[in-house]
Amino acid sequence: GAVVSQHPSWVICKSGTSVKIECRSLDFQATTMFWYRQFPKQSLMLMATSNEGSKATYEQGVEKDKFLINHASLTLSTLTVTSAHPEDSSFYICSARDVLQPQHFGDGTRLSIL
Amino acid sequence: KNEVEQSPQNLTAQEGEFITINCSYSVGISALHWLQQHPGGGIVSLFMLSSGKKKHGRLIATINIQEKHSSLHITASHPRDSAVYICAGMETSGSRLTFGEGTQLTVNP
């Protein structure tokens, strides 16, 4: 079945650094990728939707300059958390789909900012 | 605004029990996903359905379009079924998902 790979699975870094998370569709071409954030004991919150070759559409309240999304190819999207601070610590999950596939989710990235 | 409501929030069962998780959704949602999230965080898509019933192993998902209600059933539950189960509605207008709050299932041996 369709597989989405997310990397890294866990990252710890100092406040002020930037962190890049990759999301790859391994056996299908993902025309659309989604980035979610999840706080403990809460459901997923959509941050942005990205279509290959175009700018991401951000949800209300999500800072586009803070969370940079690039979807340069049909199999790769990246989320960069710029100048990360402790309040950015969270669980980030991507998903990917094409016109034939429902959304398939990555395993998530646990981000801890010290 | 599209809404998805899920119940119960928490569910504890003994191994072997039949389990049902319910999901109600609003107008504007055309299909339902049932997702499973394990303690490590990874999410597995169990079913996507827009009508009728689907079965995979011990898992059964049903949807009633008129009542805007879906259920996930687990037969002969096992401790390895312990996870958070999430229903998510796919918006008619696009591919966005609206998520329920999740059901934390614990199956005790």
Side-chain angles (χ1 to χ4, degrees), chain A residues 1-11 21 23 25-26 28 30-52 56-60 62 71 89-112, chain B residues 1-11 21 23-25 28-51 54 56-57 59 61 63 70 83-106:
Chain A
V3 177
V4 172
S5 172
Q6 191 172 335
H7 178 80
S9 56
W10 191 22
V11 59
I21 303 170
C23 181
S25 58
L26 297 185
F28 68 101
T31 50
T32 307
M33 286 187 170
F34 303 85
W35 287 97
Y36 299 92
R37 184 174 183 175
Q38 187 179 34
F39 292 104
K41 304 293 185 184
Q42 295 187 23
S43 194
L44 284 76
M45 181 188 76
L46 179 65
M47 298 175 67
T49 302
S50 96
N51 293 298
E52 186 266 339
T57 302
Y58 289 81
E59 295 300 300
Q60 192 172 9
V62 178
H71 191 167
S89 298
S90 190
F91 189 66
Y92 294 87
I93 307 176
C94 72
S95 70
R97 64 161 291 172
D98 65 12
V99 292
L100 298 176
Q101 303 273 357
Q103 287 191 36
H104 293 275
F105 291 84
D107 285 336
T109 298
R110 194 162 303 281
L111 175 62
S112 295
Chain B
K1 178 185 176 184
N2 293 320
E3 292 182 345
V4 174
E5 292 188 2
Q6 194 174 334
S7 63
Q9 194 171 9
N10 293 284
L11 183 56
I21 301 170
C23 182
S24 298
Y25 58 93
I29 287 173
S30 60
L32 250 288
H33 285 256
W34 281 101
L35 310 170
Q36 180 190 55
Q37 185 171 30
H38 280 281
I43 292 176
V44 174
S45 180
L46 300 175
F47 298 103
M48 186 181 75
L49 65 166
S50 54
S51 65
K54 288 188 176 180
H56 182 70
L59 301 177
I63 189 168
S70 177
V84 175
Y85 292 83
I86 303 168
C87 70
M90 189 166 73
E91 296 180 359
T92 305
S93 57
S95 57
R96 288 177 47 161
L97 294 178
T98 300
F99 293 88
E101 292 297 315
T103 296
Q104 172 68 63
L105 172 65
T106 303

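When reading the values below, keep in mind they use all heavy atoms of this one structure, side chains included, and skip hydrogens, waters and symmetry mates. Chain A is the first sequence line, chain B the second, and so forth, proteins listed ahead of strands; every chain is numbered from 1.
When all heavy atoms are compared, the tightest approach of A:Arg97 to B:Met90 is NH1-SD, 4.0 Å.
Formation of a donor-acceptor pair under 3.5 Å by the A:Ser43 side chain with backbone atoms of B:Phe99 is not found in this model.
Heavy atoms closer than 4.5 Å to chain A are found nowhere in B:Gln104, neither backbone nor side chain. For chain A, the nearby parts of B:Ile43 are the backbone and the side chain; heavy atoms of each come within less than 4.5 Å.
Using a 4.5 Å cut-off on side-chain heavy atoms (C-beta onward), B:Leu97 and A:Leu44 make no contact. Between A:Phe105 and B:Val44, the closest side-chain pair of non-hydrogen atoms is not below 4.5 Å. Taking 4.5 Å as the limit, every side-chain heavy atom of A:Thr32 sits out of range of all side-chain heavy atoms of B:Arg96.
Annotation: B:His38, atom NE2; neighbour count of heavy atoms from other residues, nucleotides and ligands within 6.0 Å is above 12. Residue A:Glu59 qualifies as enclosed at atom CD: its count of foreign heavy atoms under 6.0 Å is above 12.
Remark: A:Lys41 does not engage B:Glu101 in a salt bridge, criterion side-chain N to carboxylate O under 4.0 Å.
The greatest number of non-hydrogen atom pairs below 4.5 Å with chain B, out of A:Gln103, A:Gln38, A:Met45, is found for A:Gln103.
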